[in-house]
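Everything below concerns the one structure shown next.
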Amino acid sequence: QSKPWHDIGRDATPAEVKAWDIDVRPDFKGLPAGAGSVQLGEEVWMAKCSSCHGDFGESNEVFTPIIGGTTKKDIETGRVAALVEGAPSTAPQKTTMMKVATVSTLWDYINRAMPWNAPKSLKADEVYGVVAYLLSLAEVVPGDFVLSDKNIAEVQKRMPNRNGMVFYEPMWKVNGKGDVQNVACMKDCPTEMKIRSSLPDFARDAHGNILEQNRVIGPVRGADTTKPAPK
Amino acid sequence: QSKPWHDIGRDATPAEVKAWDIDVRPDFKGLPAGAGSVQLGEEVWMAKCSSCHGDFGESNEVFTPIIGGTTKKDIETGRVAALVEGAPSTAPQKTTMMKVATVSTLWDYINRAMPWNAPKSLKADEVYGVVAYLLSLAEVVPGDFVLSDKNIAEVQKRMPNRNGMVFYEPMWKVNGKGDVQNVACMKDCPTEMKIRSSLPDFARDAHGNILEQNRVIGPVRGADTTKPAPK
Amino acid sequence: AASATAATRAVAAEGEDAILKLPEHTTGLGLPVVTDGYGKPSKWEANLQRRQSPGLTRVNQASVSFTPLQGLFGIITPSGLHFERHHQGWWDIDPSKHRLMVNGLVKRERVFTMDDLMRLPSVSRIHFIECGANTATEWGNVAVPTVQYTHGMISCSEFTGVLLSTLLEMCGIDKKKAKYVLAEGADGSSMTRTIDIERAMDDVIVAWGMNGEMLRPENGYPLRLVVPGIQGVSWVKYLRRIEVGDEKYATKDEAVHYIDHMPDGTHRQYTGIQECKSVITTPSAGQTLLDKGFYNVTGLAWSGRGAIKRVDVSVDGGRNWRTARLEGPVLPKAMTRFNIDWVWDGKPAILQSRAIDSTGYVQPKINQLRAVRGTRSVYHQNAIQSWLVSENGEVSNVQVY
Amino acid sequence: AASATAATRAVAAEGEDAILKLPEHTTGLGLPVVTDGYGKPSKWEANLQRRQSPGLTRVNQASVSFTPLQGLFGIITPSGLHFERHHQGWWDIDPSKHRLMVNGLVKRERVFTMDDLMRLPSVSRIHFIECGANTATEWGNVAVPTVQYTHGMISCSEFTGVLLSTLLEMCGIDKKKAKYVLAEGADGSSMTRTIDIERAMDDVIVAWGMNGEMLRPENGYPLRLVVPGIQGVSWVKYLRRIEVGDEKYATKDEAVHYIDHMPDGTHRQYTGIQECKSVITTPSAGQTLLDKGFYNVTGLAWSGRGAIKRVDVSVDGGRNWRTARLEGPVLPKAMTRFNIDWVWDGKPAILQSRAIDSTGYVQPKINQLRAVRGTRSVYHQNAIQSWLVSENGEVSNVQVY
Ligand code: HEC
Ligand code: HEC
Ligand SMILES: [Ca+2]
Ligand SMILES: [Ca+2]
Ligand SMILES: [Ca+2]
Ligand SMILES: [Ca+2]
Ligand SMILES: [Ca+2]
Ligand SMILES: [Ca+2]
Ligand SMILES: [Co+2]
Ligand SMILES: [Co+2]
């Protein structure tokens, strides 16, 4: 019982699907055949990536660092230890490599979106190469490694945070139940009514003068944040 | 039991109310004392009104004509005969004087809004004067008349369309009932399905090229009205 | 039009260039955030503008511009396309100097600043505003080419403000004597309109907000009266004064205009209600269907007396009707969007929509309207509108009943 | 601020100049209609702009701009103030060259032009869109000065488009195997996000319309996915492709970002729901009350799981609560405006709002959220927000629980 609008649109040609269907899944569905060495990757990286991400993926200038904070131990366990609350931190901040569990994600993303100012300009082998180069910086693969569609599943088994992800269905399903419960107390509710945190002084005017970010009429005016905060 | 917001705002001063409370009602509440002759009115008119409305209020250039279309008979009956369907027309189109039933309306409006480019610039006596002038053009008052707050109620009794207004409550009250009834026939409904009227040829492009007044995508395009209509 | 379709659909065996050759936006870096601190529509949308109807008025400050309903979706009118009606031009008033005065039959005559008003308990409600003269050109014969000009003096927005009843109570309205209020604007025309006291104490809003932000200057910034269900002229812009009184005021726009010319030569005064009405916006006159086949016929319905209960659509000039789908929310005195399936077989067709409101009132045919009101009225033309689809796909404005 | 009040209220014995000396707009002729074919806000409203949060991002094409909630009314966000989030900049794409492809586990892999899509049966629905990172700065300590920066990555609009389910049915989705769809954008980032099939077949819209007109370029013109209740990143802009699959895709923005960092060091993936949340927008941090006395405390509430059932407000830091007035319409997965009376006695006060949705879920306190999720998360911070009113009337951002 097809609807009267059934035939609006047209069939996609195989070439068209090929041109756009570029996603690569964790099970490597979508991954094109190819291979790239760490060395090729380093060349591409230095030419097309390092200006933004730093020679070793460490730069915090254009985006947060890609590399850092993972250990040999993490590669064994598949869990980045530094992520645990209270753990000694091994990097100034969370890096991409500390978080990413699936090597497919790196391949897919670099292939679709990098270099940032020229996305989709890399050849498949070059993507294999830069992924290999990044993995070598994180000591996931040795310096003479050649990453390919044949061995990428093996490399997946060494991803430092490969066991670091959990799927928590209640936050994915609309009919799930929240993990945090409050009750709608109305009177004499438990609260210490003390100020646990307030805006640091340096932040008062860090967003400009708030006076100029509010309407010139109404029940309130913007606070003049060129003057000190109320005591 | 006054609400907590009861005292927001402030009292108006008598001078403030006086400055803004300019409306004049049909019962002449709000009408300031004063007087103006037809002659004064003619002077004001020629200086400040005639450029837009014509020497005799007949101009159709800047707004539809103010004067015309009323007769001595109308002044007697208080009904403008030309308004009746099928009546011989006495003016090329409906004029203000043919419609207006209440002289207060003229006084109020000229006082608040005319001259168009300098509203509220007339003195009360000048308003009396131009109203007198307009009434004299319509032969409601003689050429030597002096209109004042004292005699305006008498003049009201000569307004050509003073009996021409009806108050139809159902179109004023939200819970009224419409004066036109249709029924929601769904099948084989009475209609002649013939085209009683369609867009005249000259009107096809009178609003510009409709092609350029529709989106460049979507289920339709604007019709190219530089080309002839479909037969 | 046929060629446009062809162009956008031309597919080589391999596929379309639009897909095979990745566009610049897929292979490059776009524009930064806050390129516009206050954004604007795509440059490709420039055809959708509010426009004047040539010859309708003689000067541009006492004139009208029409909303391009032919290209709009849903029920909210983009504020940039809200129709305009000025009597003496529009202004961008300094809101810190704007005042609202309440005087007349009240215990305390009061003055409010915008600061005062915006502190008061407020409401936010979605309502349509329709000019009483909307569709005026079609009382007699067909006169204008598109729905922008036949029906474009209507918009629908979310308004925020304080209920007029709150203000009147604060001022101590004289409940015995008070029968009417007069609303007055601060512009040159100082527009005045009479509102009966039941309505004033019901759902009338002294509004500053429209679609989440302040009113636009063309629509009365910083304050306008919102009179749900009533013709736009009563929605006094630049509102400066509310007077409580015991008589109707017969102001120029309720004594010379916005009056209904009846066949017996009388004029009905104070006929402010915008009765139940609807119109198909796509496809509508001045548009050309790209092809035979399926279309989603869509339009708007509204009633000044309440909510829309049902909309029926005919594709055969009113002989047979099917009931359309109402998109939610369906709110009182607000526009309601309707949609219905239609397969165009390529033959001439006459599209009509017919709305029914919560009072059971059925939108009339133009001949029914004329039978009661004659043909010399200007205002309150709420008849069923007909669009003729010709064989070449072009849609045009016709009268059929 | 006190002086501002004084200035706007200074009244001589005679009265105020603002009234006694008629302003120019009352005695002159204003501007013509269609001065702007597409209108814009008053010049007096220029303070209300979308703005970046300095230091939050490093480059302006992979950044965010925030909606000025502190000055908005009702539930509709003006499209010009809709928050922005771009990963590789924004574009104003030629819509006649834009295509949507559906591929994967379907009988027919299909391509649609905008012409095709806009012929299909459409729906118009009001929904909020909230970035998953909204209020991220407040997971730990107080960090930013106003509600624009704490909560401004949310907007609410009326969207129009075709249900994704309609398209998937047309393409002959493999009902047995299909478990997920992947949505992909046409910009440089070609943003990809996984959506489960139940949701895809439920209320997801392939939308072209926003608040009555086409989407703005910054928001995905000409096509974006609307995924009601789900974080904004899933509302893929410049939508070019829908793939039907049987596995989740673990794309960059669901494997490296938009993941919740738990105390045990794991990250929760695919936690897209924007849970029930609310915030008081006026008075809010960075604003100064003009005076003691009455205020209408107003704010917004929303839930990704359904409609808002109730909002409570406290003025004593959560010790005692009163239930606020909900302004209609109250719609599922849409913002809801609440209002409540408050008389400020001039003493320090701590304002909070707490929303409850149709599932009975009660918006949590920040300590309750942290007890479960720790402090290192970035996303999905839906805690009760506290604003401190100091004796001088200035409001500031604090944490109280
Ligand atoms: C001109 C600057 C620039 C260049 C050149 C560049 N990048 Fe990036 N890269 C960025 C920015 C900015 C982002 C963040 C984009 C976003 O917000 O989604 C990014 C993100 C990334 C990420 C994801 C990091 C994360 O945690 O989300 C990877 C991996 C990456 N780039 C790799 C590369 C590679 C490989 C190249 C070269 C082939 C490259 N980049 C070239 C600017 C650049
Ligand atoms: C610069 C042009 C101009 C001048 C000068 C002018 N008017 Fe007008 N007048 C108009 C326009 C335009 C309108 C219609 C305004 C509207 O649409 O509400 C009008 C409306 C009127 C009306 C109402 C007519 C109706 O049927 O609505 C009257 C009466 C009137 N003018 C009288 C006067 C008088 C008396 C003066 C001089 C004291 C005057 N006008 C000066 C342009 C002008
Ligand atoms: Ca794929
Ligand atoms: Ca500082
Ligand atoms: Ca008065
Ligand atoms: Ca012509
Ligand atoms: Ca009007
Ligand atoms: Ca987002
Ligand atoms: Co008018
Ligand atoms: Co992101």
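- Here B:Arg215 contributes atom CZ and D:Met214 contributes atom CE; the two are 5.5 Å apart, rounded to the nearest 0.5 Å.
- Contact between D:Ile19 and B:Trp20 at its shortest, heavy atoms only, is O-NE1, 3.1 Å.
- Taking each heavy atom of D:Leu20 and B:Ala19 in turn, the nearest pair found is CD2-CB, 4.1 Å.
- Residues of residues 103-117 of chain B lying under 4.5 angstrom from chain D, judged on non-hydrogen atoms, are B:Trp116, B:Asn117 by number.
- Applying the 6.0 Å contact sphere to CD of B:Gln39 captures no more than 12 heavy atoms from other residues, nucleotides or ligands.
- Contacts with chain D (heavy atom to heavy atom, under 4.5 Å) involve no residue of residues 41-63 of chain B.
- With hydrogens and angles disregarded, no donor-acceptor distance shorter than 3.5 Å links the side chain of D:Asp115 to the backbone of B:Pro219.
- Heavy atoms of other residues, nucleotides or ligands lying less than 6.0 angstrom from NZ of B:Lys173 number more than 12.
- Contact count against chain D (heavy-atom pairs under 4.5 Å) is highest for B:Pro119 among B:Ser121, B:Pro119, B:Pro14.
- Here salt bridge (Lys or Arg N to Asp or Glu O under 4.0 Å) pairs that include residues 207-222 of chain D, with residues two or more places apart or in two chains, are D:Arg50-D:Glu218, D:Glu213-D:Arg216.
- For residues 28-39 of chain D, the pairs satisfying salt bridge (Lys or Arg N to Asp or Glu O under 4.0 Å) are D:Asp36-D:Lys40, with sequence neighbours left out.
- Taking every heavy atom of both residues into account, D:Val343 and B:Pro4 meet most closely at CG2-CB, 3.5 Å.
- There is no contact between D:Leu117 and chain B, counting heavy-atom distances below 4.5 Å.
- Once rounded to the nearest 0.5 Å, the distance linking CG of D:Asp341 with CH2 of B:Trp5 reads 5.0 Å.
- In terms of modelled atom types and a separation under 3.5 Å, the side chain of D:Thr27 and the main chain of B:Lys120 share no donor-acceptor contact.
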